[in-house]
Engineer: 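Let me begin by handing over the structure; questions about it come next.
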Amino acid sequence: MTQISRHIHINGIVQGVGFRPFIYNLALAHQLNGWVRNSASGVDIEVTGEKADLDAFQSDIPRSAPPLAQIDSIEVEDIRPKTFETFKIIPSKDKSTDFIPVSPDVAICHDCQRELFDPQDRRYRYPFINCTNCGPRFTIIRDIPYDRPKTTMARFEMCQDCREEYENPRDRRFHAQPVACPVCGPQVWLELIPGIYHTEKDDAIKQARELLAKGKILAVKGLGGFHLVCDATNPQAIAQLRERKQRPHKPFALMAFDIDTIKKYAEVSPTAEELLRSPQAPIILMPKKPGTYIAEAVAPGQANLGFMLPYTPLHLLLLEKETGYPEVLVMTSGNLAEEPILRENDAARDKLSEIADVFLMHNRPIHRRIDDSVLTIMDDQPYLIRRARGYAPNPIRLKEPLPQVLAAGPQMKNTFCLTRDRYAFLSHYIGEMENWETYQDYQRAIHHYESLFRIQPKAIGYDLHPDYLSTKYALQRAEAEGLPAFAIQHHHAHLAAGMMEHGIAPGEQTAGLIFDGTGYGSDGTFWGGEVLIGNCENFQRLYYLKPVPLPGGEAAIRTPARMALSTLWAYGLPWGESLAPVNALSAKERSALRVQLEKGINSPLTSSMGRLFDAVSALIGVRERVTYEAQAAVELEALADEDELGYYPWRMDGNQIDVKPLLEGILTDLSEGRSRSIISGRFHNTIVGLCLELARRIKRKFEIHHLVLSGGVWQNQLLLEKTIDILNQNGYHPLIHRQMPPNDGCVAFGQAMITAYRYMKDKE
Ligand SMILES: [Zn+2]
Ligand SMILES: [Zn+2]
Ligand SMILES: [Zn+2]
């Protein structure tokens, strides 16, 4: 039989996921000789064998690839026949302009979990056990190709046993870059006083557990940064954590050893269970069960609890089931308010010593910090709230190749986005760009992505808001590098993100119900309750909520009572003495507010839907002052009567949505003593009905059925579910975000799409 040879190039996430040993074993199974190697743009293979064997080998590649691999393309070329003695894995080739996507970090796999608790295993109770299918990736990579010297594991020299596993293509740790064992790898230790070593290894973990059981607060170094940890069933510990972290109400994330434990405290749907167990291991928001031991202070005023499973061996050891130890732990980001999660030992000692009683440290450096991802379930599918660990830096796949551009992103919930070929690298969650630390981290992260993925932006997109730090960064860079820069309206970016995520053609007119907090509008006012129609080039503002003053700007956002009174004032409605927002402010505050409104002092106008939710929440006495973003709206949703069928009227005034009849309806219900649950239910129904009417108008005018639902307000699950139902029932196609959050976490992606298409158009 004649032997033929082929060269095969595979693109996608094929490094650090056990791809080469998979190819090696597959080639042996098909009696092929040749080689496989990592290249900077994927994996290259050359094989020689009989045609039938080569064909079978090729078709087996996508069919039986390792679980973490993501193949984007396979290119095959017949080459002149070559003779090979065996099949080999050969060293990587690096071409500096090529790139491959990098795998996100992966939760500990079943095999490693089994070994972790097997007394016969040489890694028994070793908190850094990992293999080709699990463990740290993105957080330890300094550069590509993904090889040990280019990770933070470079400093740990492998022992003989580890090296044998690492070099054996038949071993499940073959070329697992973070491979380590108790002899050669990283270790944990405990510090009762920051900087002073107390005890190490298993003793450190055992003592940490005892301290947690006693109600102490621990700073625990994890995968992407530090967590602050305490017993979730201990109200004193939680009260102390809240006080020290100056975080009075914002919910804390929880971690339990297994699904059965989580089910004691939350309603876990089959989809939620699957996602909890997934390699991404995110935090899932699930309805909380009444009357459990979880302290109410974990998530005050919330209908949901956010749970995750242990995703590192260290977490498993901390939560191992044993009587006398907490079975659920609070695991909240180890940072000071709004600053990035801490990743370095010294910085953590310095900044967290006022909050944590004890430090559980380790010596595996974290190169790139990353927060835990958060999602809910919508229609049995994941719906992202925060996209970070496990998801980033996986790119969003595009329908057509785009030029290399950078989108600087918004101010709050910042992410940035870089494009290249058919990929959009939407960054992990960076956070609120309000302080120096976050801004520094942001710049470093952009630099890291650009070097990892070999991207040199040809154009930059940024938010229209002149004062955003991301805007400043974009303009400075554009000037320094002589790049074209495009200012992009915030809600236009939301619309573009929604349409491009769903593969709609960039030039196709699409409508969007963009219900958001506030974003800088093209007319200099603050938008946020917008019905837009447009594409990746431009847009028009079809309808919007009638603007009302935002008295004191930020002050109105922090104090929904001010927003409620401002809204009543704008619609010419009285501040009745019995109203909650009236009583929440002193007589002095109220008269100052009235003067401010009447004279228009520091009271920019806003059409924000988020602020309308705030106003209603305060108006009916749910929440008059907030301590975290969207608190008033979240609590309003949590107490809504979902079975309520009533709603309030509203009217269109030209292009403006006039909610005076709605406010009057609420005031009447309040005066008649209707419950807050019913009023909240009716308010939600009103907005749902409004969406249907807007959809009808858009269809009549433009024959458009697709409606993007984007903006932070769409985190409201009750509103989203009811809106999707009613739109579907009436023949419309709502498009909701699936690969990125509906909040400002999607804005950079939309900016990147608009930037790329405007840049291409300008070049024509
Ligand atoms: Zn593993
Ligand atoms: Zn070792
Ligand atoms: Zn927004």
Side-chain angles (χ1 to χ4, degrees), residues 16-18 66-68 103 105-118 121-123 126 128-137 148 153 156-167 171-174 176-187 279 281 311-313 316 409-415 432 463-465 468 470 488-498 512-521 526-530 532 606-611 629-630 708-715 737 740-751:
V17 293
L68 300 176
S103 167
D105 302 286
V106 183
I108 181 169
C109 73
H110 289 294
D111 292 333
C112 288
Q113 272 196 50
R114 189 175 27 76
E115 288 179 1
L116 179 68
F117 292 114
D118 174 4
D121 195 274
R122 72 186 189 91
R123 292 188 180 84
Y126 178 57
F128 301 93
I129 187 171
N130 67 78
C131 73
T132 313
N133 291 327
C134 76
R137 294 287 186 279
R148 189 157 172 129
M153 284 299 290
F156 298 98
E157 197 177 331
M158 276 181 256
C159 68
Q160 192 53 35
D161 289 339
C162 286
R163 181 158 295 281
E164 275 167 23
E165 293 169 331
Y166 182 84
E167 287 173 354
D171 193 278
R172 67 185 195 84
R173 293 199 167 84
F174 175 74
Q177 305 304 343
V179 73
C181 77
V183 175
C184 66
Q187 301 291 357
Y311 55 86
T312 71
L316 281 165
Q411 175 95 336
M412 304 297 280
K413 297 190 171 58
N414 177 277
T415 60
E432 322 303 351
D463 195 282
L464 210 50
H465 198 302
Y468 283 2
S470 53
I488 295 158
Q489 201 280 321
H490 184 93
H491 304 103
H492 183 205
H494 272 288
L495 173 67
L513 304 178
I514 316 298
F515 293 173
D516 207 12
T518 46
Y520 201 77
F526 288 96
W527 295 7
E530 312 302 310
L532 304 183
T606 183
S607 56
S608 163
M609 183 62 86
R611 297 291 86 80
E629 199 221 347
V708 168
L709 306 185
S710 190
V713 172
W714 293 111
Q715 289 175 144
H737 290 290
M740 58 193 81
N743 58 42
D744 285 1
C746 76
V747 166
F749 175 71
Q751 287 177 347

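Just so you know, ligand 1 is whichever comes first in the structure, and atom 1 is the first atom listed for that ligand.
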Engineer: Hey, is the main chain of Cys162 close enough, under 3.5 Å, to the side chain of Glu164 for a donor-acceptor pair?
Structural biologist: no
Engineer: Taking the Zn ion (ligand 2) as the vertex, measure the angle between atom SG in Cys159 and atom SG in Cys184; round to 10°.
Structural biologist: 120°
Engineer: Do you see an N/O/S atom of His494, backbone or side chain, under 2.8 Å from the Zn ion (ligand 3)?
Structural biologist: yes
Engineer: Is there an N/O/S atom in His110 that lies less than 2.8 Å from the Zn ion (ligand 1)?
Structural biologist: no
Engineer: What angle sits at the Zn ion (ligand 1) between SG of Cys134 and SG of Cys131, to 10°?
Structural biologist: 120°
Engineer: Using a cut-off of 6.0 Å, state whether more than 12 heavy atoms not belonging to Glu167 lie near its atom CD.
Structural biologist: yes
Engineer: State whether Arg173 and Glu115 are salt-bridged, where the test is any N-O pair (Lys NZ or Arg NE/NH1/NH2 against Asp/Glu carboxylate O) under 4.0 Å.
Structural biologist: yes
Engineer: If we ignore hydrogens and angles and just use 3.5 Å, is the side chain of Glu165 paired with the main-chain N or O of Phe174 as donor and acceptor?
Structural biologist: no
Engineer: Output the atom name for the N/O/S atom of Asp516 with the smallest distance to the Zn ion (ligand 3).
Structural biologist: OD2
Engineer: To make sure I understand the geometry: which N, O or S atom in Asp744 is closest to the Zn ion (ligand 3)?
Structural biologist: OD1
Engineer: Tell me which N, O or S atom from His490 is the closest to the Zn ion (ligand 3).
Structural biologist: NE2
Engineer: In degrees, rounded to 10 degrees, what angle do Cys162 atom SG and Cys181 atom SG make at the Zn ion (ligand 2)?
Structural biologist: 110°
Engineer: Counting N and O atoms only, with roles assigned by atom type, does the side chain of Arg148 sit under 3.5 Å from a partner on the main chain of Gln177, one being a donor and the other an acceptor?
Structural biologist: yes
Engineer: Given the Zn ion (ligand 1) as the apex, I'd like the angle to SG of Cys109 and SG of Cys112, rounded to 10 degrees.
Structural biologist: 110°
Engineer: Angle between ring planes, His465 versus Phe526, binned at 30° and 60°: parallel, tilted or perpendicular?
Structural biologist: tilted
Engineer: Going by heavy atoms in the side chains, are His494 and Leu532 under 4.5 Å from each other?
Structural biologist: no
